[in-house]
Amino acid sequence: MALILRCQKILFSAYRADQYADPEGFMTSLGAVLEQFPAEVIVYVTDPRTGIQRRSKWPPTISEVVEACEDHQDYLTRMRKPQRPKLPALSAPSFAERPAGALANTFIPHSNERYARLVEWSKTAEPIFWRFGKSTDGRDGIWVPWNIWDSGTPQGPAPAARPVSFELSDAALKTMRDLDAERNGQLPADQPEEHFV
C-alpha cells in the first residue's frame, strides 16, 4: 500500500493541481486502479523517467493509466515467455554427398529421337543429374531431371526469336501524340498568350 501511495504522489505531482477537475477523486480512482497491477508495473508506469508523464502533457485519465499499465504488463509477459531456441542454419546441400543420378526422375528410352542428344549431354553434365538404367517395364534408356527433358536443353541452342511487329490504330497514335505534347509542355494551353495593343 505504501508503494501505491508513493507512486500516486509521484504521478499526481508531475502536473499542476489546477489541471485536475477533482484531485481527490483522481487520487482515489488511481489508487483503486494501481492496486490491480504488480509492483514493477506500477513503478514503471508512474516513474517520470519511463512512465505516462513522458507521453502526456496533461494529467492522464484513469483509462490512459489503465492502458499504460496493461501495455507494460503485456510487454513483461512477452519478455518472460520462453523463447523458441534458434536452430542452426542448414548448410546448402552438396552434390558431392548425393549418389549419381539422384536428381534423375524422367525416363527416356533408347528408341526416343532425343535419346542420342541426351547421351551427348550426359558426357559433360554432373553425374547427379543423369543415369543409365531400365524403366519399370524393362526398357533400356537414360534417366534425366524433368526440367532438362521439359526445357529441351540438350537439343542445342533455341532458335532466334523473331521480332513481333504490330501497327497502332490512328486513335492510339493520336493519344500518344497528345500525351507526349502534355509531358513536353507543348499543349496550346501551355503556350504564352499573345496580347495585341
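The basis for the numbers below is simple: all heavy atoms, side chains too, and nothing from hydrogens, waters or symmetry mates.
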Which heavy-atom pair separates Ile142 from Leu118 by the least distance, and what is that distance? CD1-O, 4.0 Å

Cluster question for you: counting only ILVMFWY and a side-chain heavy-atom cut-off of under 4.5 Å, with indirect links fine, are Val45 and Tyr75 together? yes

Rounded distance [0.5 Å steps], CD1 in Ile62 versus CG in Leu34: 8.0 Å

Got a sec, which residues hit ring-ring contact (aromatic ring centres under 6.0 Å, His included) with Phe26, two or more places apart in sequence or on another chain? Tyr20

Distance check, rounded to the nearest 0.5 Å: Trp146 atom CH2 versus Thr106 atom OG1? 6.0 Å

Run the side chain to side chain contact (heavy atoms under 4.5 Å, CB included) check on Leu76 and Met79 step by step: do they pass? CA-CA 5 Å; Leu76 292 173; Met79 291 299 107; 5.6 Å; no

Point-to-point distance, once rounded to the nearest 0.5 Å, from CG of Leu30 to CG of Leu5: 10.0 Å

Are Leu103 and Arg98 close enough, and set up right, to give a side chain to side chain contact (heavy atoms under 4.5 Å, CB included), and what steps lead you there? CA-CA 9 Å; Leu103 299 179; Arg98 292 184 155 183; 3.1 Å; yes

What one should report as the nearest heavy-atom pair of Val119 and Phe132 is CG2-CE2, 3.9 Å

What residues, two or more places apart in sequence or in another chain, satisfy ring-ring contact (aromatic ring centres under 6.0 Å, His included) together with Tyr44? His72

Should Val43 and Met27 be counted in the same cluster of Ile, Leu, Val, Met, Phe, Trp and Tyr side chains packed under 4.5 Å apart? no

About how many Å separate OG of Ser29 and CD of Glu24, when rounded to the nearest 0.5 Å? 11.5 Å

Hphob cluster co-occupancy, Trp58 + Val33, side-chain heavy atoms under 4.5 angstrom: no

Are Tyr15 and Ile10 connected into the same hydrophobic cluster when the rule is that any two of I, L, V, M, F, W, Y join if their side-chain heavy atoms are below 4.5 Å apart? no

Count I, L, V, M, F, W, Y as connected when their side-chain heavy atoms are under 4.5 Å apart, and connections chain through other members. Are Ile128 and Val144 then in the same cluster? yes

Roughly how far, to the nearest 0.5 Å, is the CD1 atom of Ile4 from the NZ atom of Lys9? 15.5 Å

Distance-minimising heavy-atom pair for Ile148 and Arg114: O-NH2, 3.9 Å

At their closest point, which heavy atom of Trp121 faces which heavy atom of Pro145, and how far apart are they? CH2-CD, 4.4 Å

Using a strict 4.0 Å threshold on nitrogen-to-oxygen distance, state whether Arg117 and Glu120 make a salt bridge. no

Show the nearest heavy-atom pair for residues Thr46 and Ile42, with the distance to one decimal. OG1-O, 2.7 Å

Between the main-chain N or O of Gln53 and the side-chain N or O of Ser56, is there a donor-acceptor pair closer than 3.5 Å? no

Separation between CG (Leu3) and CD (Glu35), nearest 0.5 Å, reads 12.0 Å

Would you confirm whether Glu70, through its side chain, and Glu67, through its main-chain N or O, come within 3.5 Å as a donor-acceptor pair? no

Assess whether a salt bridge exists between Asp178 and Lys174, defined as any Lys/Arg side-chain N lying under 4.0 Å from an Asp/Glu carboxylate O. yes

Exceeds 12 heavy-atom contacts within 6.0 angstrom, atom CG of Asp22: yes

Taking all atoms of both residues into account, what is the closest heavy-atom pair of Gly31 and Gln8, and its distance? N-NE2, 3.0 Å

Residue pairs fulfilling side-chain hydrogen bond (donor to acceptor under 3.5 Å, both in side chains) with at least one residue in residues 131-143, sequence neighbours excluded: Lys134-Asp140, Ser135-Asp137, Asp137-Arg139

